[in-house]
Amino acid sequence: MKKIFLILVCICGCMTIKAQELPTHWTPDIYTYPNTMTITSYVVIDGVEQLNTDIEVGLFVGDECRAAIRATHYSAFEHEYIWYLYPHGETGHVMTMRVWNHSTDSEMIVTSDPASITFITDGSMGSTQNPQLLSFTSASLPYTYVGKGQWDEPGNWRNPDGSTPTAMPDLANKDVEINGITIIDNGVVAEVNNMTINANCSVEIGSKGILTVKGKLTDTDVSQLILHDGGQIFQTNAGVKATFRKSIVNPKDWNGKQKDGWQFISSPVVGAAVEDFIPENGDYDLYIWDNDNVMEDEDETEIPWVNYKVHYDDEYYEDFFATCFAENTGYLASYENLNHADFKGELNVSTEFEIELNYSKYRSWNLFLLGNTFTFDIEWDDVEKTTSVSDGFVSLNPKTGVFEYHSTGTIKSGQGYVVNATKNTKPNPTLTYSKDAKGRGVMSKNINVIVSNSKGSDNVIIGFNGSENGGFPKLENFNDEIATAFTMRDNVRYGISNHDENVREIPLCFDAKEIGTYTISMKPSGDFGYIHLIDRMTGEDTDMLLEGEYKFHALAGDNVNRFIVRLSGDNEIDDNENFAYQSGKQLYINENGAIQIIDMTGRVVINETLNGNSVDISNLRNAAYIVRLVSENGVKTQKIVVL
């Protein structure tokens, strides 16, 4: 037995000497502090016990190394690799731990448990049979952007080990540190785990760029993170300083009647001061829409706009504008000279809204100018609407000064849009949105009718949701030189109209502002087997599904009831209501409107607007005809026989 014990002592002693001969990266100071203590330990990194001699553990007070050792191997014990640390110091010194990996010849960035060890002269922690656990967790070293230019250029990046990647690394689950100046644009979708933007560095998300930060985004300077108009940021932590840079189209003529250069805006940053919108040079306009308070324009027409300039000069209006741009609110804006507006604050982290519309039967309009104040785009189809909200929204084209009507589509971050409440209900007319809960629009089948010429274009949407009422009123364009298209019911012009899904013909109105050649095109959504456009002035019948467009000549002042959209080729005559009868050479009509008389070959023989209550048919030969009446109440047909 004594012989076996001596052999074990010799083996252990030899192995200890061998371990001590392994070189260390750090050299401890053993002279300044002669006192020592003993720490016998085993090492676990990221949950795995280390069974090798590559790992060196160092103890430090500040930058002073007090001990450094690599493992000794003992195969006879439970923990085969033991780290014998003999730190030097004085009682009370607090030592932290660091790890050097000799297999990679680099220091590991770790957190330790325990976080520190307090030195005790001649103290002892652990033993060979029961060593002290030293547990380390690797800290993820970030990828670092060090260049100046595009995000997806590999040469602008450094790997965690400091090397330059040969190809763009996959950063989707990686931490990123910005030590340069970069822009995310041109369709690039940047996705990272955590991101820190260091001082005097910046990230810009261009008009075609997207940044997603799954973890934490850190930025403390509004000038270092810039979201451009059209770009998007997806992130969830509050307190991120940023600037939203909204593109502004300037008007061609600021001093005259401004026909263009108007835009709907909103702020996707919280705390953006309205005062900052005022430019240092040049004039501006900034309006808020208030249904309950109206002003008169130069034509003494009441309009629900309040200009920030009036608020600025008149105490009566000082409460109309809050100090900062409001959430979910849109504004009408224009700059004389500047081509962008900067909104400075903190990124909005909201991902949902519930907006109640304050409907009133006592006002002639119930329109509401809202804004997408999220840092990302939303789809109109994902917005839940109560039945008392028109299914559709209106945007404003700043280049042409024309309102554009949408039954579906994208509302960009920082964009304003108009919605319409049709009636008072309980609960109030409401729009609801959640990024994680998708809605569904009511109007799934419609025709977008677009009328255009060299000056610009206008549109009207004809929808089919089973209802013959409701819709979105047609708004007067800022640019009164652009021809308009609309439908009409009960003397109300509509930019979006709803119709019964079984309707066969719909009057389409057109108001030319000047002489010229125009084009009508149609973009159907849904299943349509038949769409024809009838020009009542010329009698032309165009298959829009086949031809795609129809060109025509028009004059300012022409009868607006010029076109019919026909959705069925069925020539069956509806005789349920007789509205026309013959007496002598006159055909009497019991309703005002536009009259077409068509012979049995389909040729239009009379095409005129009824000025009185009768039509002269003295030139018609005795035969059967079809009379079509187009009025504000719809389209009616009746068969007659001229005798």
Side-chain angles (χ1 to χ4, degrees), residues 460 462 468-469 483-494 497 499-500 502-512 515 518 520 530-543 550 552-643:
V460 57
I462 301 172
E468 276 289 350
N469 51 49
T484 58
F486 54 93
T487 60
M488 187 178 290
R489 183 185 296 118
D490 298 328
N491 289 322
V492 177
R493 295 184 174 192
Y494 287 95
S497 59
H499 303 270
D500 186 272
N502 295 315
V503 69
R504 293 188 298 173
E505 291 185 343
I506 299 169
L508 173 65
C509 300
F510 171 75
D511 186 4
I515 185 172
Y518 297 86
I520 292 180
Y530 189 99
I531 302 177
H532 280 227
L533 179 68
I534 311 300
D535 187 338
R536 296 177 54 254
M537 181 175 290
T538 65
E540 291 190 60
D541 183 337
T542 303
D543 185 340
Y550 171 67
F552 62 99
H553 192 73
L555 302 173
D558 281 352
N559 189 340
V560 298
N561 298 302
R562 177 165 177 171
F563 298 100
I564 295 173
V565 178
R566 183 180 295 166
L567 302 172
S568 172
D570 186 0
N571 289 323
E572 179 182 353
I573 305 304
D574 183 2
D575 283 320
N576 292 332
E577 180 182 355
N578 291 325
F579 58 88
Y581 65 94
Q582 180 186 357
S583 177
K585 297 299 182 181
Q586 297 291 315
L587 182 68
Y588 289 90
I589 311 295
N590 63 9
E591 187 176 347
N592 290 328
I595 291 294
Q596 281 187 327
I597 299 180
I598 306 166
D599 65 18
M600 291 298 100
T601 67
R603 183 171 61 93
V604 178
V605 293
I606 292 179
N607 186 10
E608 63 181 63
T609 299
L610 193 63
N611 294 320
N613 63 349
S614 65
V615 177
D616 182 4
I617 57 173
S618 59
N619 292 328
L620 297 184
R621 63 183 181 86
N622 294 345
Y625 296 89
I626 295 173
V627 180
R628 177 183 287 113
L629 170 66
V630 181
S631 70
E632 293 181 357
N633 296 319
V635 179
K636 298 179 182 179
T637 57
Q638 179 182 333
K639 184 177 181 179
I640 63 169
V641 177
V642 175
L643 301 174

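This one's a predicted model, so the numbers in the text were calculated from it and none came from an experiment.
Legend: residues meeting side-chain hydrogen bond (donor to acceptor under 3.5 Å, both in side chains) with D543, ordered by chain and number and at least two apart, are absent. The side-chain hydrogen bond (donor to acceptor under 3.5 Å, both in side chains) check on D511 picks up K513, with sequence neighbours excluded. Not counting sequence neighbours, the partners of D599 by the side-chain contact (heavy atoms from CB on, under 4.5 Å) test are T601, R603, V605, Y625. In terms of the side-chain contact (heavy atoms from CB on, under 4.5 Å) criterion, residue partners of M537 (sequence neighbours excluded) are, by chain and number, D535, D558, R562. Residues passing the side-chain hydrogen bond (donor to acceptor under 3.5 Å, both in side chains) test with R621, sequence neighbours excluded: none.
For the ring-ring contact (aromatic ring centres under 6.0 Å, His included) condition, no pair includes a residue of residues 591-622, sequence neighbours left out.
A donor-acceptor distance shorter than 3.5 angstrom exists from the side chain of N559 to the backbone of N561, with no hydrogens or angles considered. Panel note: side chain Q596, backbone V627; no donor-acceptor pair is recorded below 3.5 Å.
Under the 30°/60° scheme for interplanar angles, the aromatic rings of Y588 and Y581 are found to lie parallel. Note: F552 and Y518 have parallel aromatic rings, judged against thresholds of 30 and 60 degrees for the angle between ring planes.
To the nearest 0.5 angstrom, R504 atom CZ is 9.5 Å from R566 atom CZ. E591 CD to L610 CG: the interatomic distance, rounded to the nearest 0.5 Å, is 10.0 Å.
Proximity of H499 to R489: side-chain heavy atoms (C-beta onward) are separated by under 4.5 Å at one or more points.
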